[in-house]
Student: 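Right, I'll just put the structure down here and ask away after.
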Amino acid sequence: MVVSPVLQVCDLQVSFMMQKRAYPVLRELSYNLLPGRILAVVGESGSGKTVHALSLLGLLPPAAHVSRGKILYRDTDLLTMPRARLRDVRGSKISMIFQDPSASLNPVLTVGEQLIETLRAHKPMSKQQAREEAVRLLEKVGIADAPARLSAYPFEFSGGMCQRVMIAMALALSPDILIADEPTTALDVTIQAQILHLIRELQQKEKMAVIFITHNLALASEIADEVLVLYGGLCMEQAPAKDLFEDPHHPYTKGLLASLVSMDRRVERLPAIAGQPPMAGEITKGCPFASRCPQAQEKCRQQLPPLTQQGIRMVRCFEEKTL
Ligand SMILES: Nc1ncnc2c1ncn2[C@@H]1O[C@H](COP(=O)(O)OP(=O)(O)OP(=O)(O)O)[C@@H](O)[C@H]1O
Ligand SMILES: [Mg+2]
């Protein structure tokens, strides 16, 4: 049976206006997301992970705009959809857990009020029905004593619990797609593992597709079916997770993996990639990774390598790995 993608990103380009000039921070981004699958988007700070997520939801800051491409949600382009419809899709079909939960929860409303408000904004239900649903959602994300917890304020919750509430809010309307932007960065390792487990469990039970954004490859290797590696706003490699971690092709992916913090041995090795990623708006003629790449040749500095198919993966490098 052929499964249709729930999301198709086609040749997406996002630019920021800086001093009256447009600088692309995301270029030529294309991928398909299948229902019930987890795509990890990985890359160093500034690679464009969050800008990519915000563009999917039409939530880019005013200085940024999509300058090219399509974002098809079940064959409808989100970029040309009327604002009101997009707002509806955003609440009920595509949800996002933001990088910082404390910035996304309203400090002056109780957790219950926020959940009930989210539910009633999208579904016709009485206050009592919404309250019962809110309790069910808090229980689903593993918050003990949920009915009593509804009347608590976010500051009365720990970081891990706030993140669970964010997940409960994101799941309130059973979305088709959950975008999780560094959902566990602020949390300690034990809570991190619990949140990962929770996302995976819900994804399997509800057949939800997940875009899991992280700079942490160890996390990506634990959760993802497919991995997309971003660098300087460009996809460098995209592959099934198992293939990418067992046998990375792109020199940047290899570097990232070499600097991976070993989750098993708790040993932190020195970063293997010398140098810094490109600055905002810095566009080089050739491959943006060339200045840090141990395999770079003159051609790489002159010309941007195209993203090409190598077996079951896509790689942006002139150096073709012998398969
Ligand atoms: N409001 C803004 N104005 C100008 N440039 C911005 C703005 N927000 C992001 N950028 C630039 O866009 C690029 C991508 O940023 P983005 O936030 O998507 O990175 P990221 O991969 O999410 O990084 P991190 O891991 O730190 O969250 C960066 O070069 C960043 O400096
Ligand atoms: Mg980010």
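The analysis underlying the following values was restricted to heavy atoms, covering all of them including side chains, and did not include hydrogens, waters or symmetry mates. Whatever order the structure lists ligands and atoms in, that order sets their numbers, starting from 1.
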Student: Please classify the H215 to ligand 1 contact at 4.0 Å (heavy-atom distances, strictly less than): side chain, backbone, both or neither.
Tutor: neither
Student: Just jot down the ligand 1 atoms closer than 4.0 angstrom to any heavy atom of S45, in number order.
Tutor: 23 (O), 24 (P), 25 (O), 26 (O)
Student: Should I177 and M208 be marked as a side chain to side chain contact (heavy atoms under 4.5 Å, CB included) after you check the CA-CA gap, both sets of side-chain angles, and the distance that decides it?
Tutor: CA-CA 6 Å; I177 304 171; M208 178 177 76; over 6 Å; no
Student: Please work out which of L60, L54, I213, T50 has its closest non-hydrogen atom nearest to atom 17 (O) of ligand 1.
Tutor: T50
Student: Closer than 4.0 Å to some heavy atom of S47 - which atoms of ligand 1 meet that?
Tutor: 19 (O), 21 (O)
Student: Between ligand 1 and K49, is the shortest N or O to N or O distance under 3.5 Å?
Tutor: yes
Student: Counting both backbone and side chain atoms, is some N or O of G43 under 3.5 Å from an N or O of ligand 1?
Tutor: no
Student: Report yes or no: does a heavy atom of A63 sit under 4.0 Å from some atom of ligand 1?
Tutor: no
Student: Going by heavy atoms in the side chains, are L105 and F157 under 4.5 Å from each other?
Tutor: no
Student: For residues S30 and D11, is any side-chain donor paired with an opposing acceptor at under 3.5 Å?
Tutor: no
Student: Quick check: V51 and ligand 1, any N/O pair under 3.5 Å apart?
Tutor: yes
Student: Just checking F16 against Y23, ring centres under 6.0 Å apart?
Tutor: no
Student: Is the distance from the Mg ion (ligand 2) to some N, O or S atom of S45 under 2.8 Å?
Tutor: no
Student: When you measure from the side chain of Q13 to the backbone N and O of L26, does any donor-acceptor pair fall under 3.5 Å?
Tutor: no
Student: Of the options H250, R316, E44, R292, which is the one that meets Y231 in a side-chain hydrogen bond (donor to acceptor under 3.5 Å, both in side chains)?
Tutor: R292
Student: Counting heavy atoms only, which part of V25 comes closer than 4.0 Å to ligand 1: side chain, backbone, both or neither?
Tutor: side chain
Student: Just by distance, no angles: are the side chains of Q129 and R120 close enough, under 3.5 Å, to form a donor-acceptor pair?
Tutor: no
